[in-house]
Amino acid sequence: MTQTKEKDVLILAIESSCDETAAAVVKNGREVLSNVIYSQIDLHTLYGGVVPEIASRKHIEKINQVIKKALADAGVSLEQITAVAVTCGPGLVGALLVGVAEAKAIAFAADKPLVGVHHIEGHICANYIENKELEPPFLCLVVSGGHSHLVMVKDYGEYEILGRTRDDAAGEAFDKVARAIGLGYPGGPKIDRVSNDGNPEAIAFPRAKIADNVYDFSFSGLKSAVLNYLNGCRMKDIAVNQADVAASFQKAVVDVLVGHSMDAVARYGVDRFAIAGGVASNSHLRAALEEACAERGVRFYRPSPILCTDNAAMIGAAGYYEYQKGVRHGWDLNAVPNLKLGEKI
Ligand code: KG4
Ligand code: ZN
């Protein structure tokens with residue numbers, strides 16, 4: 001059994017917003033005692049993307065086992081838990097509901113406080129886990145399957161969104177392009193890998209700039225450019241070099257993400273920059289940002305890849321800071337599929 005001091009805050013965290021059923025126990029916001037992830041990826045790969053109905057059903061099937069294992073791995077009993085934190089949005093409504101209903105049931109039965117957590121806040125807070133000294137304020141680029149945000153983290157739980165995507169999220173663009181070039185789902189990791197064998201300068205894909213907000217992103221034009229390129233090759237009967245397309249597309253995304261981020265670093269004069277979300281595990285993006293930050297004398301923070309993609313440890317970290325601020329939710333806590341960052345839950 002894990003030794004805990006009376007003042008330690010142990011959060012049992014639950015995450016089920018998309019296709020990962022996850023639970024974790026996190027101590028004092030920064031120490032992960034357990035982090036259990038059941039990934040449904042193999043199941044959804046058959047269909048070329050996440051099927052919401054299947055995701056919800058699989059969450060129901062797995063969630064109890066995953067939570068049990070998280071408590072066992074941490075060596076703590078439910079009685080020792082201080083509070084239960086759960087992702088309540090944004091995400092797939094059916095998938096979110098499974099986690100929210102489960103968290104409410106456990107918190108009610110065990111007489112523990114309940115804390116609803118914003119999924120993107122969780123991604124940002126993943127940075128606290130391996131960097132004990134990191135504190136706000138800092139600038140964070142959040143790039144996941146559903147979001148591309150450039151966020152000023154002003155304080156714990158206090159965010160100002162400087163830029164966001166006008167259309168597709170970065171991860172969504174990776175997934176769509178991967179499908180178009182025959183790599184399948186999930187696209188991000190596959191493009192990351194295949195790009196190592198390609199030439200990033202082979203094809204000149206566009207880098208979109210948004211006139212009225214230089215920090216906003218747009219990836220749908222890039223996606224269309226890739227589709228047009230592929231169509232053109234087909235019509236002219238030219239063989240497509242999959243690795244070159246992957247590498248050139250990825251370079252276009254990375255250039256835009258790094259460019260916008262460094263513009264904001266300069267404009268806001270920050271000395272700490274972090275990344276978060278599934279796309280933050282992209283090796284080429286990590287390397288490019290590392291170099292760009294080093295050139296500017298900016299400290300660069302990036303969670304380990306396993307803490308970038310969906311997990312519950314990040315929800316435990318975010319839940320801790322919400323709990324410390326006095327946030328408590330009632331039994332009417334609901335799933336909010338379009339929850340905005342900073343919006344009151
Ligand atoms: O944060 P996440 O796990 O789930 C959401 O909240 O959306 O992000 C999933 C996204 C997917 O679009 C996936 O293709 C992308 O992150 N991703 C990557 C990599 N690993 C995951 N994109 C680029 N390179 C990767 N290595
Ligand atoms: Zn996510």
Side-chain angles (χ1 to χ4, degrees), residues 13-22 24 35 37-41 44-45 48-50 52 55 59 86-92 95-96 99 117-127 140-149 151 164-165 168-181 183-196 198 200 217 219 222-223 246-247 249-254 256-258 274-289 302-315 317-318 337-339 341:
I14 300 171
E15 152 67 39
S16 69
S17 66
C18 191
D19 60 347
E20 261 92 28
T21 319
N35 189 22
I37 305 168
Y38 170 77
S39 174
Q40 306 178 1
I41 281 180
H44 298 286
T45 299
V50 178
H59 284 313
V86 62
T87 306
C88 55
L92 302 169
L96 287 165
V117 172
H118 192 290
H119 182 75
I120 297 301
E121 178 167 18
H123 274 305
I124 294 170
C125 291
N127 281 285
C140 187
L141 173 71
V142 188
V143 271
S144 70
H147 297 83
S148 306
H149 282 356
V151 181
R164 66 183 85 225
T165 184
D168 291 353
E172 202 178 342
F174 268 95
D175 293 335
K176 287 177 178 169
V177 166
R179 197 177 308 149
I181 60 174
L183 285 173
Y185 179 85
K190 289 186 175 164
I191 288 189
D192 194 348
R193 218 169 310 122
V194 166
S195 293
N196 293 327
F217 304 101
F219 295 110
L222 170 60
K223 176 194 66 191
F249 157 78
Q250 182 178 254
K251 179 77 171 33
V253 176
V254 169
V256 168
L257 294 176
V258 175
I275 50 172
V279 182
S281 62
N282 183 276
S283 59
H284 304 257
L285 176 64
R286 290 163 86 89
L289 283 169
R302 67 257 182 275
S304 295
I306 191 68
L307 293 173
C308 287
T309 45
D310 288 350
N311 66 88
M314 67 183 198
I315 303 302
N338 296 316
L339 190 65
L341 187 63

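One-based numbering, in listed order, for ligands and for the atoms of each. All heavy atoms count here, side chains included; hydrogens, waters and symmetry mates do not.
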For [X] and [Y], which heavy atoms make the closest approach, and how far apart are they?
X: Ser144; Y: Ile120; result: OG-CD1, 4.4 Å
X: Thr309; Y: Gly278; result: CG2-CA, 3.8 Å
X: Met314; Y: Leu307; result: SD-O, 4.4 Å
X: Ala313; Y: Ala24; result: N-CB, 3.5 Å
X: Asp310; Y: His123; result: OD1-NE2, 3.0 Å

(message) Glu172: which residues meet the side chain to side chain contact (heavy atoms under 4.5 Å, CB included) condition with it, sequence neighbours left out?
(response) Asp168, Ala169, Lys176
(message) Below the 3.5 angstrom mark, is there an N/O of Asp310, backbone or side chain, next to an N/O of ligand 1?
(response) yes
(request) Output yes when a side-chain donor or acceptor of Ser16 lies under 3.5 Å from a complementary backbone atom of Ala95, and no otherwise. (result) yes
(message) I'd like to know if the side chain of Lys190 and the backbone of Tyr185 have a donor-acceptor N/O pair within less than 3.5 Å.
(response) yes
Determine whether any heavy atom of [X] lies closer than 4.0 Å to an atom of ligand 1.
X: Gln250; answer: no
X: His147; answer: no
X: Cys18; answer: no

Considering heavy atoms of the protein only, find what lies nearest to [atom] and give residue, atom and distance to 0.1 Å.
atom: atom 11 (C) of ligand 1; answer: Asp175 OD2, 3.5 Å
atom: atom 20 (N) of ligand 1; answer: Ser281 OG, 3.2 Å
atom: atom 26 (N) of ligand 1; answer: Asp192 OD2, 2.9 Å
atom: atom 24 (N) of ligand 1; answer: Asn282 ND2, 2.9 Å
atom: atom 7 (O) of ligand 1; answer: Gly145 N, 2.8 Å

Under 4.0 Å from any heavy atom of [X], which atoms of ligand 1 are there?
X: Gly171; answer: 12 (O)
X: Gly146; answer: 7 (O)
X: His119; answer: 6 (O)
X: His123; answer: 1 (O), 6 (O)

(message) Counting C-beta onward and ignoring hydrogens, is there a side-chain heavy-atom pair between Pro90 and His118 closer than 4.5 Å?
(response) yes
(request) Can you label the angle between the His149 ring and the His147 ring as parallel, tilted or perpendicular, going by 30° and 60°? (result) perpendicular
(message) To 10 degrees, how wide is the angle OD1 (Asp310) to the Zn ion (ligand 2) to NE2 (His123)?
(response) 100°
(message) Heavy atom to atom 22 (N) of ligand 1, shortest distance: which of Gly188, Gly277, Gly278 holds it?
(response) Gly188
(request) For the Zn ion (ligand 2), decide whether His119 has an N, O or S atom at a distance under 2.8 Å. (result) yes
